[in-house]
Amino acid sequence: MMPLNEARDELQHLLDRCQQWLRMVEEASDLLPEADDLESEIEQMEALSTRALSSMLKVALLGRQSSGKSFLISGLQGGLEYRRLIDEDGEQSDEYIGILPSSASPTTACPTTVIPAGDDPTVDAGERGLLLVKFKGVAGWTKIGKDLHRAEVAAYAAADGNRADRHAEHVNEQVERVQLLISKARLPIELFDLPGSESEDEERDEIMYEAWKEADCFIYVSQATEALTANELRLIRDLYAHAVPAKKRVLWVLSGIDRAAQIEHNQAAWKNVLATNNQYLHNRYRKSEAFIGDGFLPVSAALEAQAEFEEAKGGDGSTLRRRGRMGELRDRLQDLMESGAGHKHLKQVGDEAGWLVRGRRRTIADLLDVHRVTVDNMEAERNRLREQLEGMDDSLVRMRAELNDELDRRIRKAQRPFGNLADELHRGLDDLIDAGNLSAEHVNDVDVRHVQVFNEWMTAPEGPGTLWEQERAALDDSARLFLRSEFGEDTQSQLVGPEPLDLDAIPLQSDGDTPWRAYGMVQAWANTLGVASPLAGGAVWLTTSLSLATIAVPVGAAILTAIGIARITDALRERESKIQQARKERKEMIDEQAKEARTGFEEMVRNDGRRVIDAAEEYHHRHRSRLRATLEEIVQRINADDTARSREIVARLTPVEERGRAIGTDIQNLLDRNRTD
């Protein structure tokens with residue numbers, strides 16, 4: 001595998017070539033039957049160039065309210081400024097100004113993403129950032145402005161922001177998400193600030209859990225002034241249920257150690273909190289070393305900001321900087337990028353660029369093929385294309401019926417193990433339930449074990465998750481086989497040959513007249529940097545291409561169900577019953593949960609299977625569109641007085657097509673050299 005920086009530089013060079021090639025296509029657009037969306041493709045390629053500057057999709061920051069997530073983001077990206085103030089009485093106070101609003105009270109009101117704009121010339125983020133807001137019920141992102149006063153930013157992004165500081169037309173709008181594009185960043189990653197975990201707003205909690213799907217890894221932030229709370233234990237349990245099956249890394253951060261420096265038990269207070277938090281992780285997740293990693297890293301963005309303040313005055317800030325440990329946290333994030341996440345992201349960008357180039361080049365190649373056909377053969381080709389088109393509707397109906405029937409059979413096969421789920425859960429949980437009094441701590445231990453047992457059962461060699469991956473792959477093969485039998489192979493023996501079943505082809509958007517309804521990828525692509533899209537409701541993490549390819553990361557069919565199983569037990573904490581009765585009820589819930597898990601699994605895998613069928617329908621639709629466009633071009637040629645236009649098309653488009661083919665090959669070669677499988 002190439003070094004990350006080298007791979008990014010080479011990809012950036014290829015993306016520049018792609019943009020130049022699309023401009024070359026634009027110059028010949030008067031010869032193309034479908035050129036209306038060329039400008040959109042050029043804009044998409046420019047966006048890909050911006051995305052290539054980053055090395056990861058998203059790093060989501062989780063934690064309780066006021067744990068310092070927003071403050072930490074400002075510090076991580078070098079956007080935290082320290083000021084020393086002296087009041088009229090000569091008293092000194094400290095002030096910190098960050099790129100995101102932060103305070104001692106609950107701050108973040110909605111998911112907020114800080115995105116490096118890099119060297120993208122199309123983005124003017126100013127000195128303090130460009131604010132974009134997604135309002136509820138309003139399509140797209142609204143540009144609020146750049147270099148805004150912090151009160152203006154808080155008015156949109158903070159729970160305690162003053163709406164009067166918003167633009168007048170936005171005062172009564174409900175903010176769903178916020179983006180802040182910054183021109184200067186110390187790390188080429190997106191940092192995703194999520195609302196705190198102690199909110200009683202269920203809708204906001206759902207938004208937070210949905211946002212987890214977009215994250216490539218997590219930073220869990222806990223305040224150094226207080227050990228983990230009961231509400232945090234639930235959040236960590238849910239994070240465990242999500243991150244372990246998906247193999248997403250978690251970095252644990254103890255923030256604000258400067259505010260817990262007083263001596264307690266012969267050492268700084270934050271060290272006692274650090275030991276308590278780490279002990280909690282080791283006691284409850286002792287079998288999950290990958291989840292707990294190195295435990296909590298104590299940091300202080302404030303100390304680093306103070307160091308920079310001293311250094312700006314010519315002083316020595318090295319001690320403050322060392323105590324702040326922010327450099328160590330950045331190093332850990334950099335290690336994550338170098339260990340594979342960055343390469344996955346670059347692969348995703350390269351795949352999308354390749355798909356754009358291949359799609360446009362295929363259109364040009366089809367047109368060239370038509371105009372290279374001799375006059376004597378045009379009528380024969382016209383008749384053959386008409387015959388093909390006449391059978392396309394029947395072919396689509398037949399394919400849909402066959403694949404839906406097969407999907408039903410494969411779901412039933414994958415569901416068979418659910419008959420013993422309840423017994424498996426009882427074997428793993430009953431003794432633990434009987435060993436305690438169902439206090440909050442005991443219930444949390446049961447919940448964690450519940451998730452562990454369920455995931456182990458789900459992902460066992462004969463578990464439903466494993467079986468479904470096999471059944472889904474077989475459904476994928478059946479779809480491929482049907483398409484090959486209908487359209488043949490890409491041997492260039494046909495005037496309109498089928499597109500290759502390219503494992504890296506990725507659809508970017510629907511043209512408004514296709515069955516590409518199940519994917520829901522467009523908004524994610526538009527607003528994130530993309531490593532892998534969660535296309536199965538957060539449960540099976542995969543990327544499904546136009547050619548039906550699947551990248552499963554990893555056996556993940558348990559994730560959402562595991563979270564549901566963990567969270568449903570919270571209701572027990574609100575019941576007032578004797579311990580024995582509570583134990584009995586807890587065991588009875590196991591049987592109920594086993595039934596709900598089966599139902600949830602069926603719904604999840606059916607949606608996943610439908611994505612395969614939708615992909616096949618989309619492929620079918622695109623081939624039919626190409627046949628129709630080619631037929632129209634041939635009819636036009638037959639009716640033309642001479643072949644002058646054909647000679648012009650061949651002369652002008654041949655070098656365009658050849659260059660596009662070369663770029664596509666170079667992109668694929670780069671991707672092949674950077675496989676992370």
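All residue numbers refer to positions in the sequence shown, counting from 1.
Aromatic ring pairs are classed by plane angle as parallel below 30°, tilted from 30° to 60° and perpendicular above 60°; the pair F309 and Y82 is perpendicular. Classification of the W252-F291 ring pair by plane angle, with boundaries at 30° and 60°, yields perpendicular. In this pair, F601 and F418 present their aromatic rings tilted. The plane angle is within the 30 to 60° band.
For D445, the salt bridge (charged side-chain N to carboxylate O under 4.0 Å, His left out) criterion is met by R284, not counting sequence neighbours. Residues forming a ring-ring contact (aromatic ring centres under 6.0 Å, His included) with F71 (at least two apart in sequence, or on another chain): Y96.
Between K595 and E592 there is no salt bridge, since none of the side-chain N atoms of the basic residue sits less than 4.0 Å from a carboxylate O of the acidic one. Note on R323 versus D258: no salt bridge recorded, every NZ/NE/NH1/NH2 to OD/OE distance being 4.0 Å or above. Of the charged side-chain nitrogens involved, none lies within less than 4.0 Å of a carboxylate oxygen, so that R150 and E81 do not count as a salt-bridged pair.
The closest donor-acceptor contact from the side chain of Q279 to the backbone of T276 lies at 3.5 Å or more, if one exists at all.
Aromatic rings from W212 and F192 are positioned such that their centres are separated by 6.0 Å or more.
Applying the salt bridge (charged side-chain N to carboxylate O under 4.0 Å, His left out) rule to pairs touching residues 220-231 yields R64-E226, sequence neighbours excluded.
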Is there a side-chain hydrogen bond (donor to acceptor under 3.5 Å, both in side chains) between Y220 and N277? Walk through the geometry before answering. CA-CA 12 Å; Y220 189 92; N277 288 358; over 6 Å; no
